*Asks:* 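Shown below is the structure under consideration.
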Number of protein chains: 2
Amino acid sequence: MDYYVSNPRFYVAVDCIIFGFRKDSLKLLLLKRNFEPAMGKWSLMGGFVQEGESVHMAAVRVLRELTGLDNVFLDQVHAYGETERDPGSRVISVSYYALINISEYDEQLVKEHNAFWVDIHELPELIFDHGQMVTNALKKLRQKAAIRPIGLNLLPDEFSLTQLQSLYEAIYDEKLDKRNFRKKIASLSAIRKTGNIDKTTSKKGAALYCFDKTEYSEADRFDIIDYE
Amino acid sequence: MDYYVSNPRFYVAVDCIIFGFRKDSLKLLLLKRNFEPAMGKWSLMGGFVQEGESVHMAAVRVLRELTGLDNVFLDQVHAYGETERDPGSRVISVSYYALINISEYDEQLVKEHNAFWVDIHELPELIFDHGQMVTNALKKLRQKAAIRPIGLNLLPDEFSLTQLQSLYEAIYDEKLDKRNFRKKIASLSAIRKTGNIDKTTSKKGAALYCFDKTEYSEADRFDIIDYE
DNA sequence: TCAAAAGTGTTAAGTTTACACCCATGA
DNA sequence: TCATGGGTGTAAACTTAACACTTTTGA
């Protein structure tokens, strides 16, 4: 159609900020690039949008290629469109953050990609505008975790309240009061005791909890932008 | 470069959700399309990203083409990347909302584009996914207006507290208590009395206020995502 | 028996909400 | 003089923040 063809076309990429939670802190899964461009430098996992593939599905694919995981929590953050952001060529990139249960990814695939879990407090310099992408993804994660129980995607299906508190402390990078935290969780119907006990972290044993999906409509997961 | 050329390229567009405020309600500047595709239907103002132009600058340009305004408040909302979202061709679109002082746009340009201010409560059906774009832009505007004084972009430089309250009532579509509202504004250092009086809306006259930029760092305007 | 993590309530401070009348002025 | 919008304070409800000791049990 005439209307379209007079316009230029661009490479469109997705870049994923992949969060995991281990040893009381947030980690990002980063690539130590053994390929061009920017070989030897650190970067986010990314890839180009393909014909017949939506931008969102490209992010899903890229994530699967690296972790072997499907059905991962993915949330779009921002489109980065500066002309010189990638010095190799004009590329417009859409960033997504992903929350994964760090004990479930495919280690073989991660190794093949030369990817490593890096503590959020010890991030190396990243290529292009990937540092900015991380900063903005963390802002959005913090925003959204304050109003939706998305943090649970970073934990196993059953978790203790101590684990959950430690997760929120890692997300917001601040200490929380144990009693106030538990009071708040108790007031949420979406998190309930499973009856199981975790004996691995203490002699007394900690009650395990799970996310109660019946209390939280699935539709919320597909809201693009949340406001409450 | 080999790395890039094996990948497809796409048309990338921007679409603008242009908010104005008049007669105590929010309006959107919409096009009644007298051009293809979707001639005769209502749509947002949009345009294609050009070579050598960042996505953000494309939004600035598109906005200028319609309103004659430069230096408008613009905030990116989301990238829409479904394969079939534009039935004419595969187009990836990045949406931005704009806040403009409705008394300052170029009426001639708006007329040439066959554009009209439509009350937010009386929106017509929009083409493609433009309705979804409006919904999401409003969500983001509400989120952001709650933590930053961006609403002021919709008002003249000097405004009464009654006007300001009416604006927030329009944004959140709910009545606010006059005394509580004024108490909150008084606690904000960023809004101060100018000393001028508006005699047009009442016999008594209303004190005019303005946004005090010295109390609010310009840098905030360039934050991509806000979290506090 | 003791070290280590789990679990548990109360009070003060701060914030938000609800609510109604007087003021100044131009017509 | 009166109709119109501008302007003002207080008390109750609710939310958030601060704070320390007891319980359980495996080593």
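Chain letters run A, B, ... following the sequence lines, proteins first and then strands; every chain starts at 1. Predicted, not measured: the structure shown is a model, and the values here were computed from it.
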*Asks:* Please give, in whole Å, the distance from D:dT16 P to A:E174 CD?
*Replies:* 14 Å
*Asks:* Rounded to whole Å, please give me the gap between CG in B:D177 and P in D:dA12.
*Replies:* 17 Å
*Asks:* Specify the residue among B:G205 and A:K184 whose closest nucleotide of DNA chain D lies further upstream toward the 5′ end.
*Replies:* B:G205
*Asks:* At 4.0 Å (heavy atoms only), tell me whether B:K183 reaches a base, stays on the sugar-phosphate, or touches nothing.
*Replies:* base
*Asks:* Determine: side-chain N/O of B:K178 to OP1/OP2 of D:dT8, distance under 4.0 Å, yes or no.
*Replies:* no
*Asks:* Any heavy-atom pair between the side chains of A:S95 and A:Y80 that's under 4.5 Å?
*Replies:* yes
*Asks:* Nearest whole angstrom, please: distance from the P of C:dA6 to the CZ of A:F159.
*Replies:* 14 Å
*Asks:* Would you say A:S93 and A:D15 are linked by a side-chain donor-acceptor pair, where the criterion is simply a distance under 3.5 Å?
*Replies:* yes
*Asks:* Using only side-chain N and O atoms of A:K199, determine if any of them is under 4.0 Å from OP1 or OP2 of D:dG26.
*Replies:* yes
*Asks:* Taking only the side-chain nitrogens and oxygens of A:R182, find out if one of them lies under 4.0 Å from OP1 or OP2 of C:dT8.
*Replies:* no
*Asks:* Given D:dC19, C:dG7, D:dG7, identify the nucleotide with an atom nearest to the side chain of B:A206.
*Replies:* D:dG7
*Asks:* For A:R179 and C:dG7, give me the distance from atom CZ to atom P, rounded to whole Å.
*Replies:* 14 Å
*Asks:* Among C:dC19, D:dA18, D:dG5, which nucleotide sits nearest the side chain of B:S202?
*Replies:* D:dG5
*Asks:* For B:S160, which contact category applies under a 4.0 Å heavy-atom criterion: base, sugar-phosphate, or nothing?
*Replies:* nothing
*Asks:* Could you tell me how far apart B:I185 (CD1) and D:dG7 (P) are, to the nearest whole angstrom?
*Replies:* 13 Å
*Asks:* Send over the distance from A:D198 CG to D:dG26 C1', rounded to a whole Å.
*Replies:* 14 Å
*Asks:* Please state whether the phosphate of C:dA6, meaning OP1 or OP2, lies under 4.0 angstrom from any side-chain nitrogen or oxygen of A:T162.
*Replies:* yes
*Asks:* Tell me the interatomic distance from A:I197, atom CD1, to D:dT25, atom C1', rounded to whole angstroms.
*Replies:* 13 Å
*Asks:* Rounded to the nearest Å, what distance is computed from the CD atom of residue A:Q165 to the P atom of nucleotide C:dG7?
*Replies:* 12 Å
*Asks:* Parallel, tilted or perpendicular for A:Y96 and A:H56, by the 30°/60° rule?
*Replies:* perpendicular
*Asks:* Could you check if a side-chain atom of A:N101 sits within less than 4.5 angstrom of a side-chain atom of A:L69, using non-hydrogen atoms only?
*Replies:* no
*Asks:* When you measure only distances, ignoring hydrogens and angles, does the side chain of A:K204 come within 3.5 Å of the base of D:dT23 through a donor and an acceptor?
*Replies:* yes
*Asks:* Quick check on DNA chain C: between A:K203 and A:K193, whose nearest nucleotide comes earlier from the 5' end?
*Replies:* A:K203
*Asks:* If you assign each of B:N180 and A:A207 to its closest nucleotide in DNA chain C, which residue comes earlier from the 5' end?
*Replies:* A:A207
*Asks:* Does the A:Y172 side chain pair with the main chain of A:R142, one donor and one acceptor, at a distance under 3.5 Å?
*Replies:* yes
